Amino acid sequence: MVESPPDHPLIACHDCDLVYQETALPPGGEARCTRCGALLYRDTPACVQHSLAYCSAALLVFLLVNTFPILELETQGIHRNATLFGTALTLYQENMAPVAALVALTTLLAPALELSILCYLLLLLNLKRRPPGFAELMRLLQLVRPWGMVEVFLIGVLVSLVKLAHMAHVLPGLGLWSFGALILLMAASAGAFEPHEIWRQYEQCPNR
Ligand SMILES: [Zn+2]
């Protein structure tokens, strides 16, 4: 077993498993694997604050997505609204339970869980406190992330919007615009999230 001094912990390349000793980076610098070129870690001391700002904004926008209609439809004098939850419910009532479950999982449950976990972890780290269940929640985050598919759903909604426009008067609702903002904010949050730095800050927090 290889031992390393506590101020120079070991880090393995995610892509090729080559082991390195961590060294301090210049501001904004990044360390790359000399064998395969993969990114090992970056110097991003403000990543908790940046990621928290994006994910708390995303959580607020997510509430808007679920409050306001995505589409408003008017045909033969009948006016109908379609919210995200209403879409999943209608699919269920139309005997398409597996599709309804998939829509609910990928557009409601997974993003809600991802944003809640992120906000909880980052908020406590920002307050210099160790979040209870940190390791388990970081692993859960890795499991949940691939199931969030809000952008796939948005493309589906846009295609439906174009097709329905021939049959009825269709208006994009506030929920749809919020959906666009949610995708941008979630991408920004994921881009600012640097697991290596998050773990480092967690280990530096006082143990209480
Ligand atoms: Zn490598």
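All values reported here derive from a predicted model rather than from experimental measurement. In each ligand, atom 1 is the first atom listed, and ligand 1 is the first ligand listed. What's counted below: heavy atoms across the whole structure, side chains too, no hydrogens, waters or symmetry copies.
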Carboxylate-amine/guanidinium proximity below 4.0 Å for Glu197 and Arg200: yes

The Zn ion (ligand 1): protein N, O or S atoms that are less than 2.8 Å away, sorted by chain: Cys13 SG, Cys16 SG, Cys33 SG, Cys36 SG

Sequence neighbours excluded, every pair satisfying ring-ring contact (aromatic ring centres under 6.0 Å, His included) that has a member inside residues 51-81: none

OH/Tyr202: more than 12 non-hydrogen atoms of other groups inside 6.0 Å: yes

Aromatic plane relationship, Tyr41 with His196 - under 30° parallel, 30 to 60° tilted, over 60° perpendicular: parallel

Ala100: side-chain contact (heavy atoms from CB on, under 4.5 Å) partners, not counting sequence neighbours: Leu91, Tyr92

Pairs involving residues 42-71, ordered by first then second residue, that meet salt bridge (Lys or Arg N to Asp or Glu O under 4.0 Å) (sequence neighbours left out): Arg42-Glu194

